[in-house]
Amino acid sequence: EDQVTQSPEALRLQEGESSSLNCSYTVSGLRGLFWYRQDPGKGPEFLFTLYSAGEEKEKERLKATLTKKESFLHITAPKPEDSATYLCAVKRGNTDKLIFGTGTRLQVFP
Amino acid sequence: NAGVTQTPKFQVLKTGQSMTLQCAQDMNHEYMSWYRQDPGMGLRLIHYSVGAGITDQGEVPNGYNVSRSTTEDFPLRLLSAAPSQTSVYFCASSYGGGARNTEAFFGQGTRLTVV
């Protein structure tokens with residue numbers, strides 16, 4: 001069965017304290033792995049798509065990486081405005097359906 | 001760019017009432033979908049559509065109907081609301097099929113409470 005697991009469930013960081021969020025997945029024929037950011041009361045906002053193992057993408061303080069079993073979202077020197085819930089999702093095979101993890105709630109304190 | 005627009009943003013229903021959640025996108029996306037988000041359970045797929053006139057069930061379809069008469073619109077109907085349908089509902093759209101850029105864009109959500 002296709003499954004996406006994110007860890008930790010919640011993460012508290014001091015401003016400037018770098019860390020990583022994990023997304024492990026089991027899926028038949030990965031067609032893409034997606035990272036989203038979700039602020040309270042808002043819809044998920046697209047961050048990155050990764051298609052194959054070894055691929056990396058960067059945007060400001062965020063860097064996403066992908067292996068055959070998991071993806072990491074690295075946050076370098078985070079700021080309070082990075083506080084949000086980060087969601088991971090996968091598409092498999094020849095379908096456009098997204099399978100989501102339950103997210104990591106990140107809080108960055110000044 | 002409007003992107004994906006959902007209405008209403010908030011709704012309170014009584015048990016047994018019916019209603020339609022509206023979703024419209026202006027990006028000419030073939031694929032549209034509805035999710036519900038509940039605490040601790042992540043986003044779960046209710047129904048989806050790969051194009052006008054084509055719909056199919058997702059993971060949690062019971063109690064919901066959809067139709068897709070145009071590319072732009074994908075309404076979600078609650079037939080007889082139940083307290084278990086209290087949730088936040090998100091509509092999403094994306095290019096489908098063999099398109100390279102298949103990331104989904106989400107609306108701002110509808111917070112539904114059934115009493």
Side-chain angles (χ1 to χ4, degrees), chain A residues 1-10 21-25 27 29-52 55 57 59 62 64 66 71 73 84-105, chain B residues 1-7 9-10 21 23 25 27 29-51 54-61 74 87-111:
Chain A
E1 182 182 340
D2 300 330
Q3 195 168 357
V4 178
T5 303
Q6 291 188 246
S7 62
E9 288 187 12
L21 282 55
N22 178 262
C23 171
S24 63
Y25 64 91
V27 64
L30 180 70
R31 189 171 162 217
L33 185 141
F34 304 81
W35 282 99
Y36 286 86
R37 169 190 171 127
Q38 186 175 23
D39 293 299
K42 299 290 181 67
E45 177 186 349
F46 170 73
L47 291 173
F48 303 109
T49 309
L50 302 167
Y51 292 102
S52 57
E55 190 173 0
K57 294 242 178 112
K59 179 180 180 180
L62 300 177
L66 181 66
S71 176
L73 186 65
T85 296
Y86 291 86
L87 303 172
C88 172
V90 298
K91 282 188 183 181
R92 66 169 176 85
N94 60 356
T95 176
D96 286 297
K97 290 189 262 189
L98 281 169
I99 303 164
F100 279 88
T102 52
T104 294
R105 190 176 76 252
Chain B
N1 287 337
V4 179
T5 303
Q6 289 184 237
T7 56
K9 291 187 178 179
F10 302 93
L21 280 61
C23 175
Q25 54 93 8
M27 296 172 282
H29 286 163
E30 301 96 335
Y31 186 82
M32 296 186 74
S33 52
W34 277 100
Y35 293 85
R36 59 179 289 172
Q37 187 173 39
D38 301 292
M41 301 197 72
L43 284 152
R44 292 182 293 167
L45 182 64
I46 304 171
H47 284 287
Y48 66 98
S49 169
V50 299
I54 306 169
T55 64
D56 205 346
Q57 296 181 351
E59 181 185 356
V60 288
F74 191 44
S87 186
V88 182
Y89 292 84
F90 289 101
C91 178
S93 74
S94 67
Y95 291 114
R100 177 65 174 174
N101 299 324
T102 60
E103 64 269 20
F105 295 87
F106 285 79
Q108 292 298 293
T110 295
R111 185 173 295 275

A.B. asks: Quick check: do A:L98 and B:S94 have side-chain heavy atoms less than 4.5 Å from each other?
C.D. replies: no
A.B. asks: Go through the atoms of A:L87 and report whether side chain, backbone, both or neither lie under 4.5 Å from a heavy atom of chain B.
C.D. replies: side chain
A.B. asks: Looking at chain B, which one of A:G103, A:G41, A:A89, A:P44 has the largest number of heavy-atom pairs inside 4.5 Å, strictly under?
C.D. replies: A:P44
A.B. asks: For A:K57, is the NZ atom crowded, meaning more than 12 foreign heavy atoms sit under 6.0 Å from it?
C.D. replies: yes
A.B. asks: So for atom CE, which belongs to B:M27, do other residues, nucleotides or ligands contribute more than 12 heavy atoms lying within a distance under 6.0 Å?
C.D. replies: yes
A.B. asks: So, taking the atom named OG1 in A:T102 and the one named CZ in B:R44, what distance separates them when rounded to the nearest 0.5 Å?
C.D. replies: 12.0 Å
A.B. asks: Quick check on B:L43 against chain A: is it the side chain, the backbone, both or neither that has a heavy atom closer than 4.5 Å?
C.D. replies: both
A.B. asks: Measuring from atom OH of B:Y31 to atom NZ of A:K97, what distance do you get when rounded to the nearest 0.5 angstrom?
C.D. replies: 7.0 Å
A.B. asks: First locate atom CD of A:E45, then atom CD of B:Q108, and finally report the distance between them rounded to the nearest 0.5 Å.
C.D. replies: 9.5 Å
A.B. asks: For the CZ atom on A:R37, are there more than 12 heavy atoms of other groups (residues, nucleotides or ligands in this structure) within a distance under 6.0 Å?
C.D. replies: yes
A.B. asks: Can you tell me which portion of A:Y36 sits under 4.5 Å from chain B's heavy atoms? Options are side chain, backbone, both or neither.
C.D. replies: side chain
A.B. asks: Taking the inter-plane angle between the rings of A:F46 and B:F105 on a 0 to 90° scale, is it parallel (under 30°), tilted (30 to 60°) or perpendicular (over 60°)?
C.D. replies: tilted
A.B. asks: Heavy atoms only: give me the nearest B:F90-A:Q38 pair and the separation to one decimal.
C.D. replies: CZ-NE2, 3.4 Å
A.B. asks: Counting heavy-atom pairs under 4.5 Å to chain A, which of B:C91, B:G42, B:A104 comes out on top?
C.D. replies: B:A104
